[in-house]
J.: 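Have a look at the structure that comes next, please.
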Amino acid sequence: MRIEEKLYTLRYKKDEQPHLAIIDPNKCLKCAEVNGVPQPCITVCPANVYSWINQKIIVSYENCVECGACRVACPYANIMWKYPRYGLGIALRYG
Amino acid sequence: MKFDVVVVGAGPAGSSAALTAARGGAKVLLLERGPEPGSKNVSGAMIRLEDFSSIYDISSIPIERKVKNVDLILLSDSNRVRINVNVESNLATAGRLKLDKWMAQQAEKAGALLITKTTVLGIERESDGYKVITDRGEIGADRIVLAEGVNALVSIKANIRPDLTPEQTVQAVKEVYSLNKDEVNKRFGFKADDEGASWRILGTDPVPYAGFLYVYKDAIAIGVGVPMKILIKRKVTPYTVLDEVKERLGLNELIKGSSLREYSAKIIPEYGFPSWKGCSGKVYLAGDSLGLVDPLTFNGIGPAVASGTLAGKAALETYECSRYETELMKNREIKRVVNARPLVKELVEEENFKYYVKTINDLLHGWVYSDFSKVKLDTSKLLKHLILGMGVLKS
Ligand SMILES: Cc1cc2nc3c(=O)[nH]c(=O)nc-3n(C[C@H](O)[C@H](O)[C@H](O)COP(=O)(O)OP(=O)(O)OC[C@H]3O[C@@H](n4cnc5c(N)ncnc54)[C@H](O)[C@@H]3O)c2cc1C
Ligand code: SF4
Ligand code: SF4
C-alpha cells in the first residue's frame, strides 16, 4: 500500500498557516552534499512531507502526522517546527 | 486569571499530575493541544493495570482485551525463534484515545479544569509565579507541570532540558487494521471476547528494529520502532521497515480481509533524566518530557503515570527541585529506567543488537539440533552486558 493511501485513513483539519518550514534553503544544499540524497528529513518522515525537487526541499505540511522526527533528524536545526494551532492537524481514533 | 497549578499536556503524565494536585485541593488547569485528550497520542499499547491502580479507580478503565499470552519473536537473517509467555497478572491492551480521555475525566472529576484545542507556546517567570502563553491567550500559574510528551517544545524552549539527538531517538510507525470481533477470536484462537495477546518482535533485517502486535477488541495493531540514527545512515524510511516485517512474519495473511483503519507515528525518547534536570524553579517535568521510557520492557505509560503523580504532588506541595528529583529516583519504575540507560545505550548499537538476536537464535536452534557449532560466544561482550544487566535487575 502506498503511503498516500495510508495517510488517507487519517482525519486532518488543516491549519491554513504552515506549522513547518525550512529556515535556510542553502543549508539543505550543503546537507545534500554532505549527507547525500535523500537527506535525513526525507528519510525519517513517515508521511512523505519532504521532497527534494530542483535542489530545494518542498514541504507538504498538511500531510504531517506530528511525530517529531524531522526536527530531531535535521543535522542543521534547519526546520521551523511548531504544532498546528488550536488543535488543528491530525486527530487519531486509536492512537 | 491565576491557577495554583497549570499542567501542560493531557497524556498519562499530565492527567495523573492534574488528578493528584486537584485531589489535594489545588486549583488546577489542564491544557491539551489536541481536540480531545489522546487524539494526538500514539502507543501500541500494552499497559499494566497495577501502574494505574495506585491513583486511579481502575474498575472503569477502558481496556481493549486482557493479555493472556505474550510472544517474544526473534528474527535474525535466516532463523526465527518464538517464545510464548503465559500471563497471569493484569496486562491489557488499550487504545490511547479512550484511555487518555478516561484519565483526563478522572482529573476533571477531582476538580481540575480541562481545556483542549489549546497549545502552550512558552512559559515566563514573573515576580509572583509564572505566565503561561498559549495560542489563545495568557494565564497565570503559581506552579507548572510540563507533561508535553516526547516533543517537549516548551521544556526545551525554557532551557530546562536539551533537545533529543538522533542517537537518543527511536522512530516508530503503527498501523491499525479493523476486523470483526469473531474473526479476531478465530484467527488468534481466543476463547472469549476479552481475551487478548501481544507479540514483541526483535529483528535484524533490513535494519535492526523492535516490532509489536497488539490485539484490540475488533482490530489488530502492528508497529515497529527503529533507532533514528540507523534510518538516517541506511537511508531507509520507517514504513518500509514495517512493510518488510509484515511480509517476513506473514502478517499480511493474518490481517487478510481487514481494512487499514489508522496509520500513525511518533518518536520515542531513549535518553533523559537524570542527565536532564527534572525541574527548574517551580516547573516540574514528567513522563516522556523527561525521557522516562523503559525500552527493555516497552513501558512508557507506567513511568509516565508514576512521574506524573509525583509531579502533581511536587506542585501541590511546592517541592524544591532537589526534593522532586530525589522522589523520582525513589520510584521503582523510574529507577529501573534510569539504571537501564547504560545497557540500553549498548544494546541499541547495531552490532550488539544483531549479535544478541543472532546468538539467542543460534543457541536455541543449537539446542533443538543438539549442535552448538554455529554459536559464537563473545565472552567480553557478554560479561560487560551481564554486569550492566545486573544493575537493571537489582533496581
Ligand atoms: C508506537 C509506540 C508504541 C508504544 N507502545 C507502548 C506500550 O505498549 N506500552 C507503554 O507503556 N508505552 C508505550 N509507548 C510509550 C508511551 O506512548 C509513552 O511513553 C507515553 O505516552 C508517555 O506519556 P506522556 O504523558 O509523558 O506523554 P504523551 O502521551 O505524549 O502526552 C503528552 C500530551 O501533551 C500534549 N501536548 C504536547 N505539547 C503540548 C503543548 N505545547 N500544549 C498543550 N498540549 C501539549 C499532547 O497532545 C499529549 O496529549 C509507545 C510509544 C510509541 C510511539
Ligand atoms: S535534514 Fe535539514 S538541512 Fe538537511 S535537507 Fe532536511 S531540512 Fe535541509
Ligand atoms: S513531524 Fe513527522 S510527519 Fe511531520 S514532517 Fe516531521 S517527520 Fe514528517
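Please read all numbers here as calculations on a predicted model, not as lab measurements. Just so it is clear: chains get the letters A, B, ... in the order the sequence lines come, proteins before strands, and each one is counted from 1.
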J.: How close do A:V72 and B:M228 get, heavy atom to heavy atom, and via which atoms?
T.: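 Distance-wise, the nearest heavy atoms are CG1-SD, 3.8 Å.
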J.: Between the side chains of A:Y94 and B:N41, is a donor N or O closer than 3.5 angstrom to an acceptor N or O?
T.: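 The answer is no; no qualifying pair exists.
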J.: For A:P75, which atoms come within 4.5 Å of any heavy atom of chain B: side chain, backbone, both, or neither?
T.: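 It is neither, since no heavy atom gets under 4.5 Å.
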J.: Who wins among B:T240, B:V236, B:D163 for the most heavy-atom pairs under 4.5 Å with chain A?
T.: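 Option with the greatest count: B:D163.
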J.: Taking side chain as everything from C-beta outward and backbone as N, CA, C, O, which of these in B:V226 sits under 4.5 Å from a heavy atom of chain A? Side chain, backbone, both or neither.
T.: neither
J.: Contact part of B:T116 toward chain A, heavy-atom cut-off under 4.5 Å: side chain, backbone, both or neither?
T.: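 No part of it gets close to chain A.
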J.: Atom CG in B:L153, atom OH in A:Y83: separation rounded to 0.5 Å?
T.: 5.0 Å
J.: Contact part of B:D100 toward chain A, heavy-atom cut-off under 4.5 Å: side chain, backbone, both or neither?
T.: neither
J.: Roughly how far apart are A:R2 CZ and B:Y239 OH, rounded to 0.5 Å?
T.: 10.5 Å
J.: I'd like to verify something: which residue of A:I90, A:I42, A:V65 has the highest number of heavy-atom pairs under 4.5 Å with chain B?
T.: A:I90
J.: Could you give the distance from OH (B:Y263) to CG (A:L10), rounded to the nearest 0.5 Å?
T.: 9.0 Å
J.: In terms of heavy-atom proximity below 4.5 Å to chain A, should B:A172 be classed as side chain, backbone, both, or neither?
T.: neither
J.: If I measure from the heavy atoms of chain A, does B:I156 come under 4.5 Å with its side chain, its backbone, both, or neither?
T.: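 Contact with chain A is through the side chain of B:I156 alone.
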J.: Which of the residues A:A91, A:C41, A:P38, A:P46 is involved in the greatest number of heavy-atom pairs with chain B at under 4.5 angstrom?
T.: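 With the most close heavy-atom pairs to chain B, the winner is A:P46.
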J.: How long is the straight-line distance from NZ of A:K82 back to CG of B:D135, given to the nearest 0.5 Å?
T.: 10.0 Å
J.: Side chains of A:W81 and B:N151, heavy atoms from C-beta outward: is any pair under 4.5 Å?
T.: yes
J.: Given A:R85 and B:T119, is the side-chain contact (heavy atoms from CB on, under 4.5 Å) satisfied, shown in steps?
T.: CA-CA 7 Å; A:R85 298 168 303 167; B:T119 303; over 6 Å; no
J.: Quick check: does any side chain N or O of B:K235 sit under 3.5 Å from a backbone N or O of A:T43, one acting as donor and the other as acceptor?
T.: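 Checking the backbone N and O of A:T43 against the side chain of B:K235, no donor-acceptor pair under 3.5 Å is found.
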J.: Does CD belonging to A:E4 count more than 12 external heavy atoms closer than 6.0 Å?
T.: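 Yes, the 6.0 Å shell around CD holds more than 12 heavy atoms from other groups.
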J.: If you count heavy-atom pairs within less than 4.5 Å of chain B, which of A:P84, A:A69, A:P40 leads?
T.: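 Looking at each option in turn, the highest pair count goes to A:A69.
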J.: Just give me the residue among B:K229, B:R96, B:E64 that pairs up with chain A most often, heavy atom to heavy atom, under 4.5 Å.
T.: B:R96
J.: To the nearest 0.5 Å, what is the distance between CG (A:L92) and NZ (B:K40)?
T.: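 With rounding to 0.5 Å, CG (A:L92) is 8.0 Å from NZ (B:K40).
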J.: side-chain contact (heavy atoms from CB on, under 4.5 Å) with B:E262: which of A:R11, A:R93, A:K6?
T.: A:R93
J.: Would you give the length of the straight line joining atom CD of A:E66 to atom NZ of B:K266, rounded to the nearest 0.5 angstrom?
T.: 7.5 Å
J.: Side chain, backbone, both or neither: which part of B:K174 has a non-hydrogen atom closer than 4.5 Å to chain A?
T.: side chain
J.: Side chain, backbone, both or neither: which part of B:E175 has an atom under 4.5 Å from a heavy atom of chain A?
T.: side chain
